[in-house]
Amino acid sequence: MKLRSLFLVVMLIVMAVWTLLAWGMSELVSALPALLASAQNVTQQKIPLLDLIPKNMSDTLQQTLLLLWQTFSEVLPGLTDWAGYLVWLTWAVGIIFLLIVTCLVGKRREY
């Protein structure tokens, strides 16, 4: 009986940690748009490695990266919503799995 009680306590602790991890990931995902906005305000520093690339390729690469960055910043708010949903869906599946394992161990009879 004590082994089952210990197992139940361990499973509750695992569920609490799983919930805290999901909560932290959700908060991180919801903070991404603000992080992106602050990153856009940072002045662009010169990268020494770009001196090795020919000037016309460097300009083209910079314009392409700028276009990708702008596209990403427009799409990011919608992506963060779906990422948040995915985090909580993963949490729910994990909790259901832990509950099933707990029930199966609780139903097991020792002979």
Side-chain angles (χ1 to χ4, degrees):
M1 189 68 171
K2 287 187 178 189
L3 184 61
R4 287 185 184 170
S5 298
L6 179 64
F7 180 75
L8 183 62
V9 169
V10 168
M11 291 304 282
L12 288 173
I13 290 171
V14 169
M15 288 179 186
V17 169
W18 184 250
T19 301
L20 289 174
L21 285 173
W23 187 24
M25 287 301 298
S26 178
E27 291 299 317
L28 181 67
V29 165
S30 66
L32 280 177
L35 291 173
L36 181 63
S38 66
Q40 282 181 332
N41 296 333
V42 174
T43 59
Q44 186 179 12
Q45 297 178 358
K46 183 164 175 60
I47 302 171
L49 192 59
L50 288 179
D51 291 338
L52 302 174
I53 300 174
K55 181 72 173 154
N56 59 355
M57 284 181 67
S58 171
D59 291 342
T60 305
L61 181 64
Q62 184 177 7
Q63 290 173 355
T64 304
L65 289 175
L66 184 61
L67 179 64
L68 285 172
W69 181 265
Q70 289 170 346
T71 304
F72 181 69
S73 65
E74 292 171 0
V75 174
L76 186 67
L79 287 177
T80 55
D81 289 341
W82 284 104
Y85 301 149
L86 183 64
V87 166
W88 288 112
L89 179 66
T90 306
W91 170 82
V93 169
I95 290 295
I96 290 170
F97 173 76
L98 291 172
L99 287 172
I100 290 171
V101 168
T102 304
C103 289
L104 289 176
V105 169
K107 297 277 183 186
R108 196 179 96 197
R109 297 180 186 186
E110 294 181 24
Y111 296 103

When the side chains of residues 28-36 are checked against the rest of the protein, which donor-acceptor pairs come out under 3.5 Å, sequence neighbours left out?
| residue | atom | partner | partner atom | Å |
| --- | --- | --- | --- | --- |
| Ser30 | OG | Ser26 | O | 3.3 |
| Ser30 | OG | Glu27 | O | 2.8 |

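- With sequence neighbours left out, the ring-ring contact (aromatic ring centres under 6.0 Å, His included) criterion links Trp88 to Trp91.
- Put simply, CD1 on Ile13 and CG on Leu8 are 10.0 Å apart, with the number rounded to the nearest 0.5 Å.
- Every residue two or more places apart in sequence or in another chain that forms a side-chain contact (heavy atoms from CB on, under 4.5 Å) with Ile96 is listed here: Ile100.
- Both Val105 and Met11 are members of a single hydrophobic cluster when ILVMFWY side chains are connected at heavy-atom separations under 4.5 Å.
- Here Tyr85 sits in one hydrophobic cluster together with Trp82; the rule is ILVMFWY side chains under 4.5 Å apart, joined directly or through other members.
- The side-chain contact (heavy atoms from CB on, under 4.5 Å) test applied to Leu99 returns Met15, Ile95, not counting sequence neighbours.
- Here Leu21 contributes atom CG and Thr90 contributes atom OG1; the two are 12.0 Å apart, rounded to the nearest 0.5 Å.
- Scored by the ring-ring contact (aromatic ring centres under 6.0 Å, His included) test, Phe97 finds no partners at all (sequence neighbours excluded).
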